[in-house]
Protein chains: 2
Amino acid sequence: MEFQQAKEKFIQTWGTLGSNWGINKTMAQIHALLLISPKPLSTEEVMEDLMISRGNANMNIRALIDWGIVFKEFIPGERKEYFTAEKDIWELSKHIIEQRKKRELDPMMRSLSQIGKLEGGKPDEVQEFEKIMSELNVFSTKAESMLNKIISANKNWFFNFLLKLFK
Amino acid sequence: MEFQQAKEKFIQTWGTLGSNWGINKTMAQIHALLLISPKPLSTEEVMEDLMISRGNANMNIRALIDWGIVFKEFIPGERKEYFTAEKDIWELSKHIIEQRKKRELDPMMRSLSQIGKLEGGKPDEVQEFEKIMSELNVFSTKAESMLNKIISANKNWFFNFLLKLFK
DNA sequence: TTGAATTTTCAGGAAACTATGAAATAAAAA
DNA sequence: TTTTTATTTCATAGTTTCCTGAAAATTCAA
């Protein structure tokens, strides 16, 4: 397969994956582009390669930096800013899990935990509601503990994960 | 807190969670409604409770059934169809992981695996590309095996998971 | 300072996604 | 059958999300 063709396919695929999981397509594509680039790229280069506007490129690069998976790189003698992606896939997945948990799961759990003792409502409805809420609580506690173990580890997370389980 | 208020909050929250993760809001809300309902609900009841149209309710209930997390229920003497949600949170998460993997991750991996030996392109670019692709491959293989172990288990998945690891 | 290069912002337009409701179809009862 | 009730479909409308491009702000060197 032609290199250029493979590159486009990868960027395209990564973009689709992202948008299926609530991450905007362009953001995922920029990330893919930086991921496979052996050298840092400037905003200009990203714009040109993906054929997107300056505003779009800038906003999404910024968002990727906020997520902690893309970094600014200063090139001596150059005035422009250059960007690289986190290349270590394990670090990458760790950051993504961490961020999504912090931004979405945690606020949701906090919001749900505000629901206290219920007043009114038909007895069977209240009972069912309380049962489901309590199950969700158990579930999320276990899932969270597992996620925390995974993300607090590094490349060898799998071993560390097991280690931590038994200590 | 008032029951009705808590119920609305839960449905609202579940909907937001869904849309953050690429699942349409109404679909998630219908699911939430069925989840906390002690008895099966008809399309009419869903429409009324969430204030949505017949078409919308029908399409999304159908989608939930396709996902395997909502079931038709026949009530003797009733002509209408009634629906219940999978109430076991562990089963639920298993189904969701399974389906998303099948529908999105698997096709993506299949698509990427079509990329074979590369022709053309600058040497350093080709090298970087191949390095990242190979890392992604290792990652996805490990992640997949873990997911498979989790979803093939049941309520006691955590225990089974460990068991399977060591045999 | 001044001014050129670069980055950021954001109003308005475009695109993608979702919902509506009425008509068509199907299924059960009369 | 025919009638009644329930379900599905789908063109259109509505909503949300995203992108553009130009103007404003910032940065840095002269």
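First the proteins, then the strands, lettered A, B, ... as listed; each starts at 1.
- For R79(B) against dT5(D), a side-chain-to-base donor-acceptor contact under 3.5 Å is present.
- With rounding to whole Å, I23(B) atom CD1 is found 15 Å from dC17(C) atom P.
- Taken residue by residue, residues 53-65 of chain A places heavy atoms nearer than 4.0 Å to DNA chain D at S53(A), G55(A), N56(A), N60(A).
- Smallest separation of non-hydrogen atoms from M1(A) and I115(B): SD-CG1, 4.1 Å.
- We find that CG of D66(A) is positioned 11 Å from P of dT8(C), with the value rounded to whole Å.
- Using cut-offs of 30° and 60° on the angle between ring planes, the pair W14(A) and H31(A) is parallel.
- One can place NZ of K80(A) at 17 Å from C1' of dT26(D), the figure rounded to the nearest angstrom.
- Using a 4.0 Å cut-off on heavy atoms, none of the residues of residues 28-44 of chain A approach DNA chain C.
- Summarising the geometry, the separation between CG on L50(B) and P on dT20(C) is reported as 10 Å, rounded to the nearest angstrom.
- A pairwise comparison of heavy atoms in F83(B) and L34(B) identifies O-CD2, 3.5 Å as the closest pair.
- Straight-line distance from the CG atom of N20(A) to the P atom of dA16(C): 15 Å, rounded to whole Å.
- Ion pairing between a basic and an acidic side chain is recognised when a charged N comes within 4.0 Å of a carboxylate O; D49(A) and K7(A) show such pairing.
- At distances below 3.5 Å, not a single donor-acceptor pair connects side-chain atoms of N58(A) with backbone N or O atoms of R54(A).
- A heavy-atom distance below 4.5 Å is found between the side chains of K102(A) and Q99(A).
- K39(A) and E45(A) are joined by a salt bridge, as a carboxylate oxygen and a charged side-chain nitrogen come within less than 4.0 angstrom of each other.
- For E135(A) and K87(B), the salt-bridge test fails: no basic side-chain N is under 4.0 Å from an acidic carboxylate O.
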Would you check, one step at a time, whether the test side chain to side chain contact (heavy atoms under 4.5 Å, CB included) holds for H95(B) with E98(B)?
-> CA-CA 5 Å; H95(B) 268 98; E98(B) 224 165 30; 4.2 Å; yes
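- Closest-nucleotide positions on DNA chain C for K72(A) and K25(A) were compared, and the one nearer the 5' end corresponds to K72(A).
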Run the numbers on K80(A) and T43(A) for side chain to side chain contact (heavy atoms under 4.5 Å, CB included), then give the verdict.
-> CA-CA 8 Å; K80(A) 276 187 205 150; T43(A) 305; over 6 Å; no
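- In this model, the phosphate group of dC19(D) is approached by a side-chain N or O of N24(A) to a distance below 4.0 Å at OP1 or OP2.
- Using a 4.5 Å heavy-atom cutoff, the side chains of L136(A) and F10(B) are in contact.
- Computed from C1' positions of five pairs at each end, the angle between the two local axes of the helix from dT1(C)-dA30(D) to dA30(C)-dT1(D) equals 10°, rounded to 10 degrees.
- Following rounding to the nearest Å, I52(A) (CD1) and dG13(C) (P) show an atom-to-atom distance of 22 Å.
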